[in-house]
Amino acid sequence: GGVVGSLTKDNVTWTMDEGGTLTVTGSGENCYAKVSTVDFDDFEKAGINVMKVRNIVIGEGIIRCGSMELFRFVETFKVSGNCKTVGGGVLKNDYNNLTTVILEEGVEEIGWDSFSNCPNLTNVNLPSSITEFGTNIFLLRASLVQRRAAPVCSGKRAGTEEAFPP
């Protein structure tokens with residue numbers, strides 16, 4: 001759908017379309033996308049309703065992404081291969097609608113607690129380019145374990161043709 005809102009701050013552009021997809025792109029060197037660099041009111045003024053974001057796409061020009069904590073209703077999180085690092089805690093703690101995480105070939109690192117305590121996360125694509133895994137990436141609190149099956153992960157182990165999981 002068409003664009004409903006767009007905001008650029010610190011060489012990072014956040015663009016939301018009518019379908020609820022928020023695409024984050026960067027221009028310049030070392031573009032780091034994280035919501036702590038943008039005020040909630042700035043998103044609202046730019047026409048980006050954080051409550052309506054359903055899909056996040058970390059796109060061209062972003063080399064690292066951090067916390068996306070404002071987007072509580074996100075269902076799908078996709079990171080393009082030009083983004084080398086998915087920072088710790090990117091979508092942690094009770095993102096109840098998050099079902100799918102797609103990390104494209106080229107992503108090299110997933111930080112600690114990246115997707116911990118997301119009770120409905122069932123589909124995860126991990127590329128063979130990942131060489132560093134933080135701790136507790138998919139950790140669930142004991143109270144959530146009974147409600148959910150483990151996520152289905154697919155991909156290849158770094159530097160091999162060996163499928164993941166084995």
Side-chain angles (χ1 to χ4, degrees), residues 6-16 20-40 42-43 48 50 53-140 150-165:
S6 185
L7 170 70
T8 300
K9 186 170 182 185
D10 299 328
N11 294 326
V12 175
T13 300
W14 310 74
T15 305
M16 185 172 166
T21 296
L22 181 71
T23 302
V24 186
T25 56
S27 61
E29 292 185 33
N30 299 320
C31 287
Y32 182 15
K34 58 182 179 176
V35 295
S36 61
T37 61
V38 182
D39 189 61
F40 176 85
D42 291 339
F43 279 119
I48 298 172
V50 300
V53 172
R54 296 296 179 261
N55 309 297
I56 297 174
V57 177
I58 305 298
E60 294 301 313
I62 302 296
I63 64 159
R64 181 174 182 185
C65 66
S67 176
M68 297 286 148
E69 63 193 352
L70 288 179
F71 308 111
R72 301 302 300 176
F73 299 100
V74 66
E75 298 166 4
T76 301
F77 183 70
K78 181 178 180 180
V79 179
S80 67
N82 55 276
C83 181
K84 301 304 177 198
T85 303
V86 176
V90 68
L91 288 171
K92 72 170 190 171
N93 291 331
D94 304 319
Y95 282 80
N96 294 325
N97 295 339
L98 184 66
T99 61
T100 303
V101 171
I102 302 166
L103 305 180
E104 293 183 345
E105 195 65 38
V107 175
E108 297 172 353
E109 180 181 349
I110 305 176
W112 51 267
D113 284 347
S114 293
F115 307 103
S116 63
N117 295 318
C118 295
N120 296 305
L121 180 58
T122 55
N123 298 298
V124 178
N125 183 66
L126 300 174
S128 64
S129 54
I130 295 178
T131 56
E132 292 185 46
F133 290 88
T135 59
N136 303 328
I137 295 170
F138 301 110
L139 179 74
L140 285 176
V152 176
C153 297
S154 61
K156 295 190 184 300
R157 293 192 189 282
T160 73
E161 288 301 312
E162 185 180 343
F164 178 86

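Numbering of residues begins at 1 and proceeds along the displayed sequence.
- Looking only at side-chain heavy atoms (C-beta outward), Leu7 and Phe43 come within less than 4.5 Å of each other.
- Here the CG atom belonging to Asp42 is positioned 10.0 Å from the CD1 atom belonging to Ile48, to the nearest 0.5 angstrom.
- Judged purely by atom type and a 3.5 angstrom limit, Glu109 has no side-chain atom pairing as donor or acceptor with the backbone of Lys84.
- Within the 4.5 Å cutoff, the side chain of Phe115 has no heavy atoms near those of the Val124 side chain.
- Of the possible polar contacts, none joining the Asn120 side chain to the Leu98 backbone as a donor-acceptor pair under 3.5 Å is found.
- Considering only heavy atoms from C-beta on, Thr99 stays 4.5 Å or farther from Leu121 through its side chain.
- Phe73 places none of its side-chain heavy atoms less than 4.5 Å from the side chain of Val53.
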Intermediate values then yes/no, side-chain hydrogen bond (donor to acceptor under 3.5 Å, both in side chains), Glu60 and Ser80: CA-CA 7 Å; Glu60 294 301 313; Ser80 67; 4.6 Å; no
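- In this structure, Ser129 contributes its side chain and Val107 its backbone to a donor-acceptor pair below 3.5 Å.
- To the nearest 0.5 Å, atoms CD1 (Ile62) and SG (Cys83) are separated by 7.5 Å.
- The number of heavy-atom neighbours closer than 6.0 Å to NZ of Lys78, taken from other residues, nucleotides and ligands shown, is 12 or below.
- Panel note: side chain Tyr95, backbone Glu69; a donor-acceptor pair is recorded below 3.5 Å.
- Residues Met68 and Ile58 are in side-chain contact: their nearest non-hydrogen atoms beyond the backbone lie under 4.5 Å apart.
- Cys118 places none of its side-chain heavy atoms less than 4.5 Å from the side chain of Lys92.
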Derivation and outcome, ring-ring contact (aromatic ring centres under 6.0 Å, His included), residues Phe71 and Phe77: CA-CA 11 Å; Phe71 308 111; Phe77 183 70; 9.9 Å; no
